[in-house]
Amino acid sequence: MDPNSVVFLILLIAMSGVIAYFADIVGKKLGKKRLSIFKLRPRHTATLGTVLVGIVISTFTIAAALMISSPMRQALLQGLEIRSRLDQDQKDLKRLQGEMEGSSHRSKELTKSNGILTKSITEKTSELSKRQDELNAAQNKLAALNEKIDTLQGRIATLQSDVSQKRLALETSGNNLKSARADLHRIQAELKNNLTNLKSVQKEIRGIEDKNADLYTKNDELIAKQKSLNADLDQIKLDVAGLEKAKETALSSLAKSQDQLKEVSSQLNSAQARLAETQSQLHDAEINFERYKFIAGVSRNQPMIFKVGEEVIRLPVPAHLSVNGARGAMTTLLRRAVTEAHRRGAQRHAYPEAAIVDHTDPQTNQTISPQMIENSIVNQITNSPIQKVLIAVSSLNAFFGESVSLEVSVMPDPLVYISGQEVAETVIDGSRDDVSIFDGIRKFLQETVKGRAQRDGMIPVANSDVSFGQVPQADLLQVISQLHNANRTIRLEAHAVGDIYAADSLKLEFRLR
């Protein structure tokens with residue numbers, strides 16, 4: 001049985017129960033509500049509803065069965081066509097059965113004729129075997145002839161190979177003969193030249209023999225001179241031995257002198273180093289004396305222009321700066337610090353109005369020069385992947401009329417607020433007087449806004465009354481006026497004006513909600 005048919009039967013059984021259950025529920029509900037449709041009595045209306053529910057559920061069941069079972073869908077939609085095809089197939093089956101019976105009769109007749117043919121085939125087979133034996137004998141003879149032909153062909157191939165090799169040898173011999181003839185002509189020409197050269201050489205030999213006779217005479221003279229020179233050489237050797245002894249004595253004295261010179265040079269270098277260190281300490285002491293003397297004199301009479309740790313100037317620097325760009329940023333920061341310090345009342349003495357001074361490393365107790373500090377800062381901002389800010393603060397209390405000692409720090413400067421972003425909000429009662437409204441706004445700025453800015457990463461101004469910037473007085477007055485005119489409790493929101501980075505001044509605009 002088709003699995004889909006089994007599923008369909010199970011579905012029918014299940015749906016029968018579902019139909020009964022839902023029809024009973026619908027009938028009870030319709031009976032309790034006592035509805036009337038088409039002017040029917042309530043009992044008849046309930047019966048009609050039960051029947052309609054059964055019809056609907058049965059319809060959906062049949063549709064689901066047709067969708068699930070392909071054979072049932074074919075039986076319902078193509079039942080008559082399948083039935084007519086079945087009748088036609090039965091008729092064809094009967095016709096084929098008749099044809100099979102006729103074929104069996106013909107098969108019996110063919111069996112009889114097959115026996116007769118078998119006898120004739122046996123006779124033909126015996127005759128064919130004889131012919132086959134004759135054919136095998138002929139094939140054997142042919143094979144023997146083929147073997148002889150193959151042997152002859154091999155000999156022919158060998159002879160052809162020998163002939164080709166002899167032809168190549170003959171050609172090679174001809175080429176060698178031509179080359180030998182050419183060499184012979186060349187050798188004959190060289191022989192003629194050699195004969196000519198031999199005659200000239202013989203002439204030169206006769207001349208050399210004449211010269212040799214003169215040389216023998218001169219050689220005797222040179223031998224006499226050599227004996228005289230040997231005597232002189234013996235005297236020179238005696239002189240050299242005396243000089244070598246004198247040289248050894250001089251070298252010994254020179255080595256002692258060099259050792260003494262090295263010792264004196266070492267002492268001189270140490271003395272020069274101590275002298276340079278003493279001069280440097282003296283110079284630093286003179287500068288510090290003048291500085292502290294001035295500070296001692298000024299601090300009693302002049303006002304303080306920068307407290308310890310108070311910010312003097314800050315400079316945002318972009319990311320990915322080159323070495324030259326980083327040095328330019330450092331120069332700009334120092335120039336602006338000088339301008340700000342001069343504006344506050346600083347003056348140039350041993351140092352400019354504002355500058356990085358020598359520092360002493362507390363761990364190694366070594367002096368760190370301003371150039372070393374500047375190089376360290378330049379290295380920190382060179383090729384930095386993020387934007388940073390340079391913040392210069394006063395490392396000492398600076399009084400009016402003296403220079404300001406700077407300490408520079410490098411900090412990240414990320415984007416904190418985008419343009420229009422809400423920073424903080426509060427609730428202000430606009431029905432109160434202007435002083436109360438102003439106090440509420442001031443408290444909102446100093447506590448809520450300042451705390452939120454610190455949590456979000458804004459960098460405050462160190463040791464200053466203004467941590468993140470100021471709100472213009474005109475904006476405050478306008479907000480107070482708007483709140484007072486509203487005369488009710490209003491939510492006050494502070495929003496960023498433009499994109500604000502961590503080191504920027506916090507510029508705000510107020511919005512009333």
Side-chain angles (χ1 to χ4, degrees), residues 306-307 309-321 329 332-333 336-337 340 380-381 384-394 408-513:
F306 285 104
K307 295 180 290 184
E310 182 178 352
E311 182 175 318
V312 178
I313 197 70
R314 64 175 58 184
L315 177 67
V317 292
H320 307 293
L321 277 179
T332 302
L333 176 75
R336 292 184 181 179
E340 178 64 18
Q380 293 183 57
I381 62 176
S384 173
I386 60 172
Q387 178 173 313
K388 293 186 177 182
V389 60
L390 303 179
I391 301 177
V393 300
S394 176
V408 181
S409 59
V410 182
M411 302 178 66
D413 188 18
L415 179 65
V416 179
Y417 300 112
I418 62 174
S419 180
Q421 180 179 349
E422 180 181 331
V423 177
E425 65 177 24
T426 188
V427 176
I428 301 294
D429 187 2
S431 61
R432 303 181 67 181
D433 59 290
D434 291 345
V435 176
S436 299
I437 293 173
F438 176 78
D439 289 339
I441 296 174
R442 181 179 55 78
K443 184 178 180 181
F444 169 61
L445 292 174
Q446 293 180 354
E447 296 180 3
T448 307
V449 174
K450 180 179 179 180
R452 178 62 184 274
Q454 287 179 337
R455 290 193 300 273
D456 291 341
M458 294 293 292
I459 302 174
V461 179
N463 284 347
S464 175
D465 296 334
V466 181
S467 298
F468 299 105
Q470 291 180 325
V471 178
Q473 192 72 21
D475 293 349
L476 285 177
L477 294 175
Q478 184 179 1
V479 172
I480 292 172
S481 176
Q482 291 176 354
L483 290 170
H484 188 70
N485 293 333
N487 198 23
R488 59 184 176 86
T489 300
I490 295 180
R491 187 174 65 186
L492 178 64
E493 297 177 352
H495 292 260
V497 178
D499 292 342
I500 299 177
Y501 288 81
D504 293 342
S505 177
L506 184 58
K507 297 179 181 179
L508 301 174
E509 63 177 359
F510 295 106
R511 299 179 186 176
L512 304 179
R513 301 294 184 188

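Numbers here are sequence positions counted from 1.
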Checklist entry - Does any N or O in the side chain of Asp504 come within less than 3.5 Å of the main-chain N or O of Ile500, such that one atom is a donor and the other an acceptor? => result no

Checklist outcome for this item: For Asp434, the salt bridge (charged side-chain N to carboxylate O under 4.0 Å, His left out) test, sequence neighbours excluded, returns none

Next on the checklist: To the closest 0.5 Å, what do you measure between NE2 (His320) and CD1 (Ile381)?
Outcome noted: 13.5 Å

Checklist entry - Sequence neighbours excluded, which residues qualify as salt bridge (charged side-chain N to carboxylate O under 4.0 Å, His left out) partners of Glu509? => result Arg511

Checklist entry - Do the non-hydrogen side-chain atoms of Tyr501 and Val416 ever get within less than 4.5 Å of each other? => result no

Checklist entry - Is there any salt bridge (charged side-chain N to carboxylate O under 4.0 Å, His left out) pair reaching into residues 484-493, and which pairs are they, with sequence neighbours excluded? => result Glu425-Arg491, Arg491-Glu493, Glu493-Arg513

Checklist outcome for this item: Shortest non-hydrogen pair, Val389 vs Ala503, comes out as CG2-CB, 3.5 Å

Checklist outcome for this item: For Ser431, the side chain to side chain donor-acceptor pair (under 3.5 Å) test, sequence neighbours excluded, returns Asp429

Next on the checklist: Enumerate the side chain to side chain donor-acceptor pair (under 3.5 Å) contacts for residues 385-394, please, sequence neighbours excluded, ordered by first and then second residue.
Outcome noted: Gln387-Asp413

Next on the checklist: The criterion is side-chain contact (heavy atoms from CB on, under 4.5 Å); which residues satisfy it with Pro318, sequence neighbours excluded?
Outcome noted: Leu321

Item to check | Nearest heavy atoms of Ala392 and Val408, plus distance in Å | outcome: CB-CG2, 4.1 Å

Item to check | Any residue meeting salt bridge (charged side-chain N to carboxylate O under 4.0 Å, His left out) with Asp456, in chain and number order, not counting sequence neighbours | outcome: Arg452

Item to check | Which atom of Ile437 lies closest to which atom of Arg432, heavy atoms considered | outcome: CD1-O, 3.5 Å

Item to check | Sequence-distant partners of Leu477, side-chain contact (heavy atoms from CB on, under 4.5 Å), two or more places apart | outcome: Gln473

Checklist entry - Residues two or more places apart in sequence or in another chain: which of them pass salt bridge (charged side-chain N to carboxylate O under 4.0 Å, His left out) with Glu422? => result none

Checklist entry - How close do Val449 and Ala424 get, heavy atom to heavy atom, and via which atoms? => result CG2-CB, 4.1 Å

Item to check | From CA spacing to verdict: side chain to side chain contact (heavy atoms under 4.5 Å, CB included), Lys443, Thr448 | outcome: CA-CA 7 Å; Lys443 184 178 180 181; Thr448 307; over 6 Å; no

Item to check | 4.5 Å side-chain heavy-atom contact, Ile391 and Ile313 | outcome: no

Item to check | Taking every non-hydrogen atom, the tightest pair across Glu311 and Val393 | outcome: CA-CG1, 3.7 Å

Checklist outcome for this item: Residue set satisfying side-chain contact (heavy atoms from CB on, under 4.5 Å) with Gln380, at least two apart, ordered chain then number -> Ser376, Val410

Item to check | Atom of Ala329, atom of Leu315 and distance for their closest heavy-atom approach | outcome: O-CD2, 3.3 Å

Checklist entry - Is the shortest heavy-atom distance from the side chain of His495 to the side chain of Phe510 under 4.5 Å? => result no

Next on the checklist: Going by the rule side-chain contact (heavy atoms from CB on, under 4.5 Å), which residues pair with Asp433 if we only count those two or more places apart in sequence or in a different chain?
Outcome noted: Val435, Ser436

Checklist outcome for this item: Rounded to the nearest 0.5 angstrom, the CE-CG distance for Met411 and Leu390 is 11.5 Å

Checklist entry - So does Lys450 pair up with Glu447, basic N to acidic O under 4.0 Å? => result no

Item to check | Glu310 side chain to Lys307 backbone, donor-acceptor under 3.5 Å | outcome: yes

Item to check | 4.5 Å side-chain heavy-atom contact, Ile490 and Leu492 | outcome: no

Checklist entry - Per the side-chain contact (heavy atoms from CB on, under 4.5 Å) rule, which among Ile441, Asn485, Asp475, Ile428 passes with Ile480? => result Ile441

